[in-house]
Amino acid sequence: MRTIEVNILADDDEEFVMNILNALAQKRIIGINLHKDVVRPGKPMTVNELNRLVDESEQSRSYSVEEAKIMLGL
């Protein structure tokens, strides 16, 4: 058995590709395991909130890998 991950590149093609995969699954040629999108914990943000956080992070001090390891005790 071989496992293959399929990424549908265009939203317009999703129905077409899924129809083909479902037809193959009905003939028991393939099995389909759909994975949900990964959702990270935390409160949902608006685009403005996200942009503000990105702007703040770009303006804040950056650390070298060595400095970060020292701060984290690694």
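Keep in mind the model is a prediction, meaning the values are calculated, not measured.
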Interatomic spacing from CG in Leu53 to OG in Ser60 - rounded to 0.5 Å: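 Going from CG on Leu53 over to OG on Ser60, the span is 10.5 Å.
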
Heavy-atom side-chain proximity of Glu49 to Lys43 below 4.5 angstrom: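 In short, these two side chains touch, coming nearer than 4.5 Å.
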
Show which residues join Leu72 in its hydrophobic cluster (side-chain heavy-atom contacts under 4.5 Å, direct or indirect), or state none.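 Direct or chained contacts put Leu72 with Leu74.
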
So, using side-chain contact (heavy atoms from CB on, under 4.5 Å) as the criterion, who are the partners of Ser57 when residues are at least two apart?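 side-chain contact (heavy atoms from CB on, under 4.5 Å) check on Ser57 returns nothing, list empty.
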
Taking side-chain contact (heavy atoms from CB on, under 4.5 Å) as the test, write out the residues that go with Val54, two or more places apart.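 Partners of Val54 under the side-chain contact (heavy atoms from CB on, under 4.5 Å) test: Leu50, Glu58.
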
Side chains of residues 3-30: which donor-acceptor partners sit under 3.5 Å, not counting sequence neighbours?
from, atom 1, to, atom 2, distance (Å)
Asn19, ND2, Glu15, O, 3.2
Asn22, ND2, Met18, O, 3.0

Hey, could you give me each pair passing salt bridge (charged side-chain N to carboxylate O under 4.0 Å, His left out) that has a residue in residues 60-74? Not counting sequence neighbours.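 Applying salt bridge (charged side-chain N to carboxylate O under 4.0 Å, His left out) to every pair that reaches into residues 60-74, excluding sequence neighbours, yields Arg61-Glu67.
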
